[in-house]
Protein chains: 2
Amino acid sequence: MARPKQFDPEHALDAAMDAFWRKGYAATSAQDLVDSTGLGRGSLYNTFVSKHRLFEEVLRRYEEQWTTRQEAILEGPEAVRERIRAVMMTVVDEETAAQDGRRGCLAVNAAVELAGLDADVTRLVRRIFGRVEEALYGALARARRDGEIDADKDPRALAQFVLNAMYGLRVLGKTADRHTLTGIVDTTLAAL
Amino acid sequence: MARPKQFDPEHALDAAMDAFWRKGYAATSAQDLVDSTGLGRGSLYNTFVSKHRLFEEVLRRYEEQWTTRQEAILEGPEAVRERIRAVMMTVVDEETAAQDGRRGCLAVNAAVELAGLDADVTRLVRRIFGRVEEALYGALARARRDGEIDADKDPRALAQFVLNAMYGLRVLGKTADRHTLTGIVDTTLAAL
DNA sequence: CACCTTCTGGAACGGTCGGTCAAATACTCG
DNA sequence: CGAGTATTTGACCGACCGTTCCAGAAGGTG
């Protein structure tokens, strides 16, 4: 019908995600987004409407990618504790791998920066948190039925407990060393 | 020697802390600081040099106030688990009390927004985290000597585990309800 | 009291913010 | 190949950014 886009919107979304992830929402300028995506200002606004809408889209994409990966690990055939160790260790790995700035979890960063101030972001973050909790709950409930987890433990409480520890790692990961973080993972797993 | 200040710098610092706490560093403008402190631009810059220096001063004041309070609770005469429950519940209370925007912990917010990007803030945050960990460690080491905690438990690992859970609460506190948060506190305490 | 220093309030600074727009361009379809 | 439509480019917008500056006010000191 007309001139097609010269860029891949998903690729641009990934570039924008990287920018927001490193610097946060407020500190990432329109110019930063132009630079990181390589798009012109016009194309950027023509495609993504506004900085805010772009950020929402980025969060949705993050949910799609990250949550799906966590769900896949948690639905695996290994022992629950191994599966939960695996998801927790992806967090530790992410935080300690990058030598240049540990950027944490985009959803956690967004929650800390904007929850309560921005209704749309709050809603998106709540959904991401909810999905991960649900995946943990699924794994733990199944493990309890299978006798891997004591019958007197509440899978819902355990799921929230693990989720809490994972998000703690995102915060402590900003300053703590790998040894400390793996120690926390061990202590957390021992409580299941 | 000359004209004395018409305002109390500590009071201004508290007002600035409130502004930074609610909106974060980047999203708080010089105008916001003028409005919240009630100072003129001249007085503000004459006293606090720059937005960045002011934020550092605010973080130091936060450390002084918050850390001291946590240390006081942890040095108390009650059973360790009660003392640790008390510090964790102050977090839960803070997050669920405010109807208008749960602002979290200033140090956690600063860590998530700026650690890795701002060396001065990273250093200050690391010190705050360190002091709280040390206070927890002191309480747990004493409890182990007194037989309140099993001898085969490592007080350092437990201190970091509790610290991690506290910072998780700061994140989850953005979206979770009080019942969920208290449940997490219970599960965490049961692991000591 | 006059002097000197500091503080105060607000105008003003260059720069950047998020966002818009019109002209040039490149594609599809008839 | 010409008409029509959407994308691209980058100049441009008013508002606001963090910061500076200065004229005048207000004390303490001699």
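Chain A is the first sequence line, chain B the second, and so forth, proteins listed ahead of strands; every chain is numbered from 1. Just so it is clear, the model here is predicted, and its values are computed rather than measured.
Counting only N and O atoms by type, the side chains of B/T180 and B/D177 include a donor and acceptor under 3.5 Å apart. Residues A/D32 and A/S29 have side chains that bring a donor and an acceptor to within less than 3.5 angstrom of each other.
Among residues two or more places apart in sequence or in another chain, the salt bridge (Lys or Arg N to Asp or Glu O under 4.0 Å) test is passed with A/E64 by none. With sequence neighbours left out, the side-chain contact (heavy atoms from CB on, under 4.5 Å) criterion links A/A12 to A/F7, A/T37, A/L39, A/F48. The ring pair (Phe, Tyr, Trp, His ring centres under 6.0 Å) check on A/F129 picks up A/Y167, with sequence neighbours excluded.
For B/H11, the NE2 atom is loosely surrounded, since the number of other residues' heavy atoms within 6.0 Å does not exceed 12. For A/R178, the CZ atom sits in a packed shell: over 12 heavy atoms of surrounding residues, nucleotides or ligands are nearer than 6.0 Å.
The distance from atom CG of B/D35 to atom P of D/dC16 is 12 Å, rounded to the nearest whole Å. Between A/D32 atom CG and C/dG19 atom C1' the separation is 15 Å, expressed in whole Å. Protein atom CG of B/L33 is 16 Å distant from nucleotide atom P of D/dC16, rounded to whole Å. We find that CD of B/Q31 is positioned 17 Å from P of D/dT20, with the value rounded to whole Å.
At D/dC17, one or more side-chain N or O atoms of B/S29 fall inside 4.0 Å of OP1 or OP2 (strictly under the cut-off).
Distance alone, capped at 3.5 Å, places no donor-acceptor pair between the B/D120 side chain and the B/E56 backbone. Between the side chain of A/R144 and the backbone N or O of A/K153, at least one donor-acceptor pair lies under 3.5 Å.
Contact annotation: the side chain of B/D14 approaches that of B/R61 to within less than 4.5 Å [non-hydrogen atoms, C-beta and beyond].
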Polar pairs (N or O, both sides) under 3.5 Å between protein and nucleotides 27-30 of chain D?
residue, atom, partner, partner atom, Å
D/dG28, O3', B/M1, N, 3.3

Could you go through nucleotides 10-14 of chain D and list every protein N or O atom that sits under 3.5 Å from one of its N or O atoms, giving the distance for each pair?
residue, atom, partner, partner atom, Å
D/dG10, O6, A/G42, N, 3.2

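Contact record, A/R81 with A/L192: NH2-O, 3.1 Å, taken as the closest heavy-atom pair.
Within residues 45-53 of chain A, the residues that place at least one heavy atom under 4.0 Å from DNA chain C are, in residue-number order, A/Y45, A/S50, A/K51.
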